[in-house]
Amino acid sequence: MAGFFKSLFNKIANRAEIDWDELEADLISADLGIHTSTKIIDELRDLGREISADDVVETTRKHLAQMLPEDFPAPTPRPDDKPFVILVVGVNGTGKTTSSAKLARWLQSRGHSVLLAAADTFRAAAVEQLQRWGDRLGIPVVAGNPNADPSSVCFNAHQKAIANGTQFLICDTAGRIHTRHNLMEELGKIRRTIAKQDDSAPHLTLLVVDATTGSNALQQAKEFHKACPLDGLIVTKLDGSGKGGIAVTIQSQLGIPPRFIGTGEEPEAFAIFEKASFVREVL
Ligand SMILES: Nc1nc2c(ncn2[C@@H]2O[C@H](COP(=O)(O)OP(=O)(O)OP(=O)(O)O)[C@@H](O)[C@H]2O)c(=O)[nH]1
Ligand SMILES: [Mg+2]
């Protein structure tokens with residue numbers, strides 16, 4: 001039983017009676033949102049009998065499973081041999097650079113060729129950070145000069161990926177606060193620049209959300225989705241105090257599905273999102 005369900009179970013198992021208010025508060029504090037929490041509670045009450053800890057866990061699990069999307073297939077190289085371009089965006093410190101490197105490694109381990117673009121030209125250390133990952137994983141990295149236009153770095157990397165027949169290009173971008181209009185506008189420019197050499201690109205735009213930030217991640221997803229349509233999430237920091245409930249909330253409110261998960265700092269602490277194991281092990 002995963003952390004969230006275990007603590008729910010333990011809390012209720014030794015009680016003579018369910019404290020409904022406390023249960024609702026527990027569900028909400030797992031970042032499931034009021035709407036979902038109320039639905040779960042209503043269904044439990046509707047059982048019309050004495051509720052056991054097992055009932056609570058099973059009903060909650062069932063609801064979460066219903067709300068999460070079916071598994072997406074893993075991204076595959078494009079049939080026209082042009083690079084499949086993945087744009088990685090998010091607020092500061094959520095794990096974009098680490099996740100870009102992990103995703104590159106994950107694709108490489110499936111036999112695909114990958115190029116990384118260090119499009120965070122805002123911080124000098126960011127380029128070095130991605131380059132270190134590239135060296136460690138044996139994956140080439142394209143970087144621009146400090147303070148170069150991030151769009152131009154993506155353009156150059158895309159050009160190189162096309163010329164070399166590289167199957168996947170992953171563009172790591174600078175952290176940006178979702179409330180800063182000009183920073184969000186820049187994402188639109190990056191997207192348009194990536195589309196110049198292939199109007200179907202980017203093929204996957206992923207928002208990296210830190211599961212430990214809770215409901216603020218919902219607001220981030222809303223704002224990023226407006227500035228730059230998102231295809232999915234990378235939910236990071238699910239080890240530690242990260243709660244996976246936020247992925248359920250973002251999916252149910254905005255229709256943006258979790259696509260990958262990060263569960264640690266090491267490159268292998270990363271996986272494609274799978275509903276069954278997420279509900280069983282992660283939540
Ligand atoms: N525990 C844990 N730490 C993670 C995970 N993903 C990333 N981190 C850590 O989070 C910190 C920030 O990661 P970065 O990849 O640099 O984040 P970023 O979004 O690129 O940051 P900026 O470029 O500054 O916006 C690093 O210390 C990472 O090791 C994860 O899944 N679990
Ligand atoms: Mg970064």
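Both counts, for ligands and for their atoms, begin at 1 and track the order of listing.
Every atom of ligand 1 is numbered from 1 in the order shown, and the set under 4.0 Å from a heavy atom of Gly262 is 31 (O). The distance from ligand 1 to the heavy atoms of Arg123 drops below 4.0 Å at these ligand atoms: 22 (P), 23 (O), 24 (O). Atoms of ligand 1 lying under 4.0 Å from any heavy atom of Lys102, numbered from 1 in the order shown and given with element: 31 (O). Close approach of ligand 1 to Lys96 is summarised as follows: ligand atoms under 4.0 Å from at least one heavy atom of the residue are 15 (O), 17 (O), 18 (P), 19 (O), 20 (O), 21 (O), 22 (P), 25 (O). With ligand atoms numbered from 1 in the order given, ligand 1 contributes 23 (O) to contacts under 4.0 Å with heavy atoms of Asp120. The contact set between ligand 1 and Gly175, taken as ligand atoms under 4.0 Å from a residue heavy atom, comprises 25 (O).
Aromatic rings of Phe260 and Phe273 (six-membered ring for Trp) have centroids beyond the 6.0 Å cut-off, not under it.
On a distance-only criterion, Thr236 and ligand 1 share no N/O pair closer than 3.5 Å. Considering both main-chain and side-chain atoms, Leu238 never comes within under 3.5 Å of ligand 1 through any nitrogen or oxygen pair. Between Ser99 and ligand 1, a contact under 3.5 Å exists for no N or O pair. Ligand 1 has a nitrogen or oxygen under 3.5 angstrom from a nitrogen or oxygen of Asp239. Polar contact with ligand 1: present for Thr94 (N/O pair, distance under 3.5 Å). Any N or O atom pair closer than 3.5 Å counts here, and Ala174 shares no such pair with ligand 1.
Residue Ile34 belongs to a hydrophobic cluster whose other members are Ile28, with links defined by side-chain heavy atoms closer than 4.5 Å.
Contact check on Lys226 versus Glu223 returns a salt bridge, with a Lys/Arg side-chain nitrogen under 4.0 Å from an Asp/Glu carboxylate oxygen. Under the 4.0 Å criterion applied to side-chain N and carboxylate O atoms, Asp149 and Lys189 are assigned as salt-bridge partners. In this structure, Arg15 pairs ionically with Glu22, as a charged nitrogen and a carboxylate oxygen lie closer than 4.0 Å. Taking 4.0 Å as the cut-off between side-chain N and carboxylate O, Lys82 and Asp80 do not count as a salt-bridged pair.
Not a single heavy atom of Ala269 lies less than 4.0 angstrom from ligand 1. Using a non-hydrogen distance threshold of 4.0 Å, Gly90 does not register as a contact of ligand 1. Using a 4.0 angstrom heavy-atom cutoff, Gln129 counts as in contact with ligand 1.
Considering only non-hydrogen protein atoms, atom 13 (O) of ligand 1 sits nearest to Thr98 OG1, 3.5 Å. Glu265 OE1, 4.1 Å is the protein heavy atom nearest to atom 26 (C) of ligand 1. When only non-hydrogen protein atoms are considered, atom 22 (P) of ligand 1 lies nearest to Gly93 N, 3.5 Å. Closest protein heavy atom to atom 11 (C) of ligand 1: Lys237 NZ, 4.0 Å. Ranking protein heavy atoms by distance to atom 30 (C) of ligand 1, first place goes to Gly264 O, 3.2 Å.
No donor-acceptor contact under 3.5 angstrom links the side chains of His35 and Thr38, judged on distance only.
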Apply side chain to side chain contact (heavy atoms under 4.5 Å, CB included) to residues Arg176 and Phe122 and explain how you reach the verdict.
CA-CA 10 Å; Arg176 64 197 73 234; Phe122 201 64; over 6 Å; no
Take Thr94 and Val209 through the test side chain to side chain contact (heavy atoms under 4.5 Å, CB included) and record every step on the way to the result.
CA-CA 6 Å; Thr94 52; Val209 294; 5.8 Å; no
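The side-chain heavy atoms of Phe9 and Thr60, taken from C-beta on, include no pair separated by under 4.5 Å. The shortest distance between side-chain heavy atoms of Ser215 and Thr249 does not fall below 4.5 Å.
The two residues Ile190 and Cys154 make their nearest non-hydrogen contact at CG2-SG, 3.9 Å.
Judged by the 6.0 Å and 45° rule, Arg259 forms a cation-pi pair with Phe72.
For a distance bound of 2.8 Å, the N, O or S atoms of Thr97 include one lying that close to the Mg ion (ligand 2).
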